[in-house]
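Below: the structure, in structure tokens.
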Amino acid sequence: MKNQVAACVGHVHLKVADLDRAIAFYRDILGFDLMQRYGDAAAFLGAGGYHHHIGLNTWHSKDGTPPPDGHTGLYHAAFLYPDRKALAQVLKRVTDAGISLQGAADHGVSEAVYLNDPDGNGVELYRDRPPEDWPRDAQGNLAMVNAPLDVPALLAEAV
């Protein structure tokens, strides 16, 4: 029996150490629009005119450090780009900014690159393939994979 959920993920809200640094990453590198700012305490960024997909705050984390490895917390927030070219363009901004990738994968249903934001939060940037192109097994069930992604070929599409 499949779950009947009428909800979708609305936004991610992150604790950050430096609000200006976090805004610069999510606005200037990932391409979100700054929708509202509350001084040096919080900011909200969105895409396509939406009020916010990302909340950032320093309420309990100003000048803080990322949690150490081996602790619980956010694995990553994933941001969906509309097509391969848009993903290539954001990837180019990431690499031009000197931000290292933590990984890259072709999941069959999507292509994704993984990195950390300035506060050590995991970030996935991805694009979906059309559902008719998703890999399926002999019974028609979804058969996602974790294959290497050709990052140089993706970057070549950034022009």
Query raised in the report: Is the side chain of Thr58 donor-acceptor paired with the backbone N or O of Ala17 at a distance under 3.5 Å, no angle test?
Result: no
Report summary line: Taking every heavy atom of Ala104 against every heavy atom of Tyr114, the minimum-distance pair comes out as N-CD1, 4.1 Å
Query raised in the report: Under 4.0 Å between a Lys/Arg side-chain N and an Asp/Glu carboxylate O for Asp106 and Arg129?
Result: yes
Query - Distance-only side-chain donor-acceptor flag, His13 / Asn57, under 3.5 Å - result: yes
Query raised in the report: Cluster question for you: counting only ILVMFWY and a side-chain heavy-atom cut-off of under 4.5 Å, with indirect links fine, are Val12 and Leu125 together?
Result: yes
Query raised in the report: Does any non-hydrogen side-chain atom of Phe79 lie less than 4.5 Å from one of Leu30?
Result: yes
Enumerate donor-acceptor pairs with a distance under 3.5 Å from any side-chain N or O in residues 152-159 to protein atoms, sequence neighbours excluded.
from	atom 1	to	atom 2	distance (Å)
Glu157	OE1	Arg84	NE	3.3
Glu157	OE2	Arg84	NE	2.5
Glu157	OE2	Arg84	NH2	3.4

Query raised in the report: If only atom types and distance count, is the side chain of Asp137 paired as donor or acceptor with the main-chain N or O of Gln139 below 3.5 Å?
Result: yes
**Report entry** Residues clustered with Tyr50, ILVMFWY side-chain links under 4.5 angstrom
**Finding:** none
Report task. Report yes if some heavy atom in the side chain of Val94 is under 4.5 Å from a heavy atom in the side chain of Val113; otherwise report no. Result -> no
**Report entry** side chain to side chain contact (heavy atoms under 4.5 Å, CB included) between Met144 and Val109, intermediate numbers included
**Finding:** CA-CA 6 Å; Met144 291 175 58; Val109 297; 3.9 Å; yes
Requested in this report: Determine whether Arg27 and Leu45 make a side-chain contact, defined as any pair of heavy atoms from C-beta on separated by less than 4.5 Å.
Outcome: yes
Query - By side chain to side chain donor-acceptor pair (under 3.5 Å) - contacts of Arg93 (at least two apart) - result: none
Query raised in the report: Can you check whether Asp119 reaches Asp18 side chain to side chain, under 4.5 Å on heavy atoms?
Result: no
Query raised in the report: Closest heavy-atom contact between Asp40 and Leu19?
Result: C-CD2, 3.6 Å
Query - Centroid-centroid distance, His51 to Phe44, less than 6.0 Å - result: no
Query raised in the report: NZ/Lys15 to CH2/Trp59 distance, rounded to the nearest 0.5 angstrom?
Result: 11.5 Å
Requested in this report: Work out which heavy atom in Ala112 is nearest to a heavy atom in Glu124; give both atom names and the distance.
Outcome: CB-OE2, 3.3 Å
Requested in this report: May I ask you to test the Phe25-Leu115 pair for a side-chain heavy-atom distance under 4.5 Å?
Outcome: yes
Report task. Please confirm whether the backbone N or O of Val145 pairs with a side-chain atom of His107, one donor and one acceptor, at under 3.5 Å? Result -> yes
Query raised in the report: From His52 NE2 over to Ile54 CD1, what is the distance, rounded to the nearest 0.5 angstrom?
Result: 9.5 Å
Report task. Without swapping roles, check the side chain of His11 against the backbone of Gly55 for a donor-acceptor pair under 3.5 Å. Result -> no
Query raised in the report: Looking at side-chain heavy atoms only, is the closest gap between Val90 and Tyr81 below 4.5 Å?
Result: yes
